[in-house]
Amino acid sequence: MTAWTNDELTRVGDAEELEIASARQDGTLTRPRTIWVVPHGGDLYVRSVNGPTAAWFRGTQARRVGHISAGGVERDVAFTEADHSLDDQIDAAYRSKYRRYARSITDSITSPGARSTTIRLLPR
């Protein structure tokens, strides 16, 4: 594993949306899904607004590797479970970044179900 560069953190963290694809058993990638991403403490985090039953989220749990694209950055990544002691801080990052959306929308990404799916993206 390597660390994100400051440029990557800024570009991906500032991007409105992120395209995420997980690796299949044969190593090919699934169809990319568009999701929200937030930076926090030198890392990048994503969540499933639909909780752990979302197909894209289940894919990240099966092989734990994939690919992301956002802000002009393309990277192979590892999907790791986030430290859930950071959930409140990650909630605050989502609320701040996406504050222009209706509260009901940001409440969805900070719900208990979404919080349970918090993934830390690590560059590979």
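Checked against V37 for a side-chain contact (heavy atoms from CB on, under 4.5 Å), the options L18, I68, I20 give a single hit: L18.
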(request) For L44 and L122, run side chain to side chain contact (heavy atoms under 4.5 Å, CB included): C-alpha distance rounded to whole Å, both residues' side-chain angles, the deciding distance at 0.1 Å, then the answer. (result) CA-CA 8 Å; L44 296 167; L122 296 175; over 6 Å; no
(message) Please evaluate residues H84 and I90 with respect to the criterion side chain to side chain contact (heavy atoms under 4.5 Å, CB included), reporting the C-alpha separation (whole Å), side-chain torsions for both, the decisive distance (0.1 Å), and the verdict.
(response) CA-CA 9 Å; H84 288 287; I90 295 169; over 6 Å; no
(request) Apply ring-ring contact (aromatic ring centres under 6.0 Å, His included) to the pair Y45 and W36, showing each step before the final yes or no. (result) CA-CA 9 Å; Y45 294 91; W36 284 354; over 10 Å; no
(message) Could you go through R99 and T106, starting from their C-alpha distance and side-chain angles, then the distance that decides it, and tell me whether this counts as side-chain hydrogen bond (donor to acceptor under 3.5 Å, both in side chains)?
(response) CA-CA 7 Å; R99 66 184 166 271; T106 55; over 6 Å; no
(request) For side-chain hydrogen bond (donor to acceptor under 3.5 Å, both in side chains), just list the numbers for T5 and D7, CA-CA rounded to whole Å, side-chain angles, deciding distance to a tenth of an Å, and then say yes or no. (result) CA-CA 5 Å; T5 67; D7 181 59; 5.0 Å; no
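A 4.5 Å side-chain heavy-atom check between V65 and R124 finds at least one atom pair inside the cut-off. Between R75 and E8, some side-chain heavy-atom pair lies under the 4.5 Å cut-off. The shortest side-chain heavy-atom distance between H67 and V77 does not fall under the 4.5 Å cut-off.
In this structure, Q89 contributes its side chain and L86 its backbone to no donor-acceptor pair below 3.5 Å. Between the side chain of K97 and the backbone N or O of A15 there is at least one donor-acceptor pair closer than 3.5 Å. Side-chain atoms of Y98 come within 3.5 Å of backbone N or O of E16 as a donor-acceptor pair.
Of the N and O atoms on the side chains of T117 and R47, not one donor lies less than 3.5 Å from an acceptor on the other residue.
Residue D91 holds its CG atom at 12.5 Å from OG of S96, rounded to the nearest 0.5 Å. Within the model, atoms CD1 of I119 and OG of S48 stand 8.0 Å from one another, a figure rounded to the nearest 0.5 Å. In this structure, the separation between CG on D43 and CG on L9 is 7.5 Å, given to the nearest 0.5 Å.
Counting non-hydrogen atoms of other residues, nucleotides and ligands closer than 6.0 Å to CZ of R100 gives a total above 12. Remark: E74 CD is packed, more than 12 non-hydrogen atoms of other residues, nucleotides or ligands lying under 6.0 Å away.
A salt bridge between R33 and E19 is absent, with no side-chain N of the basic residue lying under 4.0 Å from a carboxylate O of the acidic one. Ion pairing of D26 with R63 is absent here, as no side-chain N (NZ or NE/NH1/NH2) approaches a carboxylate O to less than 4.0 Å.
F79 and A21 make their closest contact through CZ-O, 3.9 Å (heavy atoms, listed as atom of the first residue, atom of the second, distance). The nearest pair of heavy atoms linking I109 to A114 is O-CB, 3.4 Å. When all heavy atoms of L29 and R24 are compared, the closest pair comes out as O-NH1, 2.7 Å.
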Quiz: residues 49-62 side-chain donor-acceptor pairs under 3.5 angstrom, not counting sequence neighbours:
residue, atom, partner, partner atom, Å
R58, NH1, T53, O, 2.2
T60, OG1, F57, O, 2.6
Q61, OE1, R64, NH1, 3.1
Q61, OE1, R64, NH2, 3.0

